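Working notes for the structure below.
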Protein chains: 2
Amino acid sequence: MSNQDIQLTVDAVVFGYESVPRISVLLIKRKYEPFKDSWAIPGGFVLNEESLEDAVYRELKEETGVEIGYLEQLYTFGKPGRDPRQRIVSVAYFGLVRPDTYKISAATDAQEVQWFDIHDLPELAFDHAEILETAIKRLRAKITYEPIGFELLEERFLFSDLENLYKTLLGREIDRRNFRKKIMSLGMLNELDEKVSKGAGRPANLFQFDKKRYFQLKEEGIVFEI
Amino acid sequence: MSNQDIQLTVDAVVFGYESVPRISVLLIKRKYEPFKDSWAIPGGFVLNEESLEDAVYRELKEETGVEIGYLEQLYTFGKPGRDPRQRIVSVAYFGLVRPDTYKISAATDAQEVQWFDIHDLPELAFDHAEILETAIKRLRAKITYEPIGFELLEERFLFSDLENLYKTLLGREIDRRNFRKKIMSLGMLNELDEKVSKGAGRPANLFQFDKKRYFQLKEEGIVFEI
DNA sequence: GACATATTGCGTACAAATTACGCAATTTTA
DNA sequence: TAAAATTGCGTAATTTGTACGCAATATGTC
């Protein structure tokens, strides 16, 4: 097939979390046609000699300045006509950043890059609304069977933060005490000695996800599940 | 990126099931370099104006004569160097066929196309071993939370067939009686009036997966899970 | 400073789901 | 005709999930 004329791009749906609480996604305003001045998921063409993941990291750095802590391939979108000008197939990824990175990147270039609440999104270029929807569904599903929620929190976090993250993402109430029991029973969290007091109420303990222990347990067939 | 020089292909890992029991995968012997005479997953270049799915259906028909009953995107493999000659990014799919289709295609062209037990595979071209492994993992995981196992059985099947399919795929013993209770409690199977007697033992009832009912239940938030 | 309010951490009773296994019914095979 | 194989249904024990109660410990208010 020497006359194949298909361009390959990557796009990255990057999620962040604030303890407001809200889940947000990183979007850029397009500088060029097509869809000039529309909001879009960051991404771009894959270079001839770089891997798909490298393309994602590079584009994210170039376009948004963000460095992500977690990245996985989401889905490949290739329907003819998804770009009005040429045949473009895009390998979409989804990534997660911690609040600290989040803040930095939010300040970088307010004109072109911006975090949006996933429940209050602008109109998006191309089929990016579909890509984003796919990503949200995946994130929502995945936090129930993979410990990726921790990638959205600080290294050391409060149980109430974790709980709010799950409540917000799953969109339903969770019994605080049962949730805690369930998570703790997995044996993947370390309770730190440090206590934090914010606002009224008894000070809360800090926790940390034990990635090493998680992989040990995974080896033994014990999986994360909520 | 006007000088991008990346070719796009699709590959399809097609699974079948025989009540031996064994899970098998459809492979072809390559006619051309690179990897001439090696076994490989069927696939090929995407045409400029066809969708990725259409490319899969077309290539499968051209190369194997198989028509699949279920298809889903698996993963996109794009590491530079996975094809020794040029940069090729491949969108891999996995598909399932029923035993009837299975038999037909096996007869089509015994020289070039062949079913292999997934536990007794030949050496594969390119990174196809990795693709196949990814597909097997996905299939194994997915039969526990999506009703795709039925796509590997006849429309009307015996409970023991379903049970053996799960035992074979999951690679562990399953209590026959509890398995049956669990599946039946989902309310997605219709018990037919017809009985079948094969070999010794009490004749068994035929069952049928009720896809319409499944989607109804899914709407109501009741999901398939085993 | 005392008291109301908020949040955390732990525990307990009850319901639901899972697991282990017994056994009769009905067929083929010896 | 008896033995062996397979199916279909049931029941008890165990594990897991759910709904709460309540003391401990901070902040906010008067």
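Throughout, protein chains are lettered first and strands after them, A, B, ... in sequence-line order, and every chain is numbered starting at 1. As the structure is a computational prediction, the values presented were derived from the model and not from experiment.
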How long is the line joining [atom1] of [X] and [atom2] of [N], in whole Å?
X: B/Asn164; N: D/dT6; atom1: CG; atom2: P; answer: 10 Å
X: A/Met184; N: D/dG17; atom1: CE; atom2: P; answer: 16 Å
X: A/Arg172; N: D/dT18; atom1: CZ; atom2: P; answer: 8 Å
X: B/Arg180; N: D/dT7; atom1: CZ; atom2: C1'; answer: 7 Å
X: B/Lys182; N: D/dT16; atom1: NZ; atom2: C1'; answer: 13 Å
X: B/Glu194; N: D/dT7; atom1: CD; atom2: P; answer: 16 Å

Under 3.5 Å, which protein N or O atoms sit close to an N or O of nucleotides 26-29 of chain D? Give each pair with its distance.
| from | atom 1 | to | atom 2 | distance (Å) |
| --- | --- | --- | --- | --- |
| D/dA26 | N3 | A/Gly201 | N | 3.3 |

Can you tell me how far the CZ atom of B/Phe94 sits from the CG atom of B/Asp11, to the nearest 0.5 Å? 15.0 Å
Under 3.5 Å, side chain of B/His128 to main-chain N/O of B/Ile41, donor-acceptor pair present?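 Between the backbone of B/Ile41 and the side chain of B/His128 there is a qualifying donor-acceptor contact (under 3.5 Å).
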Any carboxylate oxygen within less than 4.0 angstrom of a Lys/Arg side-chain nitrogen, looking at [X] and [Y]?
X: B/Asp210; Y: B/Lys212; value: no
X: A/Lys167; Y: A/Glu173; value: yes
X: B/Glu154; Y: B/Arg98; value: no

Could you identify which residues of residues 218-226 of chain A place a heavy atom less than 4.0 Å from some atom of DNA chain D, listed by residue number, or say none? none
Under a 4.5 Å cut-off applied to non-hydrogen side-chain atoms, are [X] and [Y] in contact?
X: B/Leu124; Y: B/Phe126; answer: no
X: A/Leu71; Y: A/Val14; answer: no
X: A/Arg180; Y: A/Arg177; answer: no
X: B/Ile68; Y: B/Thr101; answer: no

Anything under 3.5 Å between a donor and an acceptor, one on a side chain of residues 132-153 of chain B, the other on a protein residue two or more places apart or in another chain? List them.
| from | atom 1 | to | atom 2 | distance (Å) |
| --- | --- | --- | --- | --- |
| B/Thr134 | OG1 | B/Glu130 | O | 2.8 |
| B/Arg138 | NE | B/Glu72 | OE2 | 3.1 |
| B/Arg138 | NH1 | B/Leu74 | O | 3.2 |
| B/Arg138 | NH2 | B/Gln73 | O | 2.9 |
| B/Arg138 | NH2 | B/Leu74 | O | 3.2 |
| B/Arg140 | NE | B/Leu169 | O | 2.8 |
| B/Lys142 | NZ | B/Glu72 | OE1 | 2.8 |
| B/Lys142 | NZ | B/Glu72 | OE2 | 3.2 |
| B/Thr144 | OG1 | B/Ala141 | O | 2.7 |
| B/Glu146 | OE1 | B/Tyr214 | OH | 3.1 |
| B/Glu151 | OE2 | B/Lys211 | NZ | 3.2 |

Five pairs per end, C1' atoms only: what is the angle between the end axes of the helix from C/dG1-D/dC30 to C/dA30-D/dT1, to 10 degrees?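 Here the local axes at opposite ends form an angle of 10°.
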Using distance only, find each side-chain donor-acceptor pair of residues 192-206 of chain A under 3.5 Å and give its atom names and separation, not counting sequence neighbours.
| from | atom 1 | to | atom 2 | distance (Å) |
| --- | --- | --- | --- | --- |
| A/Glu194 | OE1 | A/Arg156 | NH2 | 2.3 |
| A/Asn205 | ND2 | A/Glu191 | OE2 | 3.1 |

Nearest heavy atom decides the nucleotide; on that basis, is B/Lys181 or B/Ser160 closer to the 5' end of DNA chain D?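 Going by which nucleotide is closer to the 5' end, it is B/Ser160.
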Positional range of nucleotides in DNA chain C within the contact set of chain A, heavy-atom, under 4.0 Å: C/dA6 to C/dT12
Could you tell me if B/Arg30 sits above the aromatic ring of B/Phe35, with its cationic atom closer than 6.0 Å to the ring centre and no more than 45 degrees from the axis?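 No, B/Arg30 does not lie over the aromatic ring of B/Phe35.
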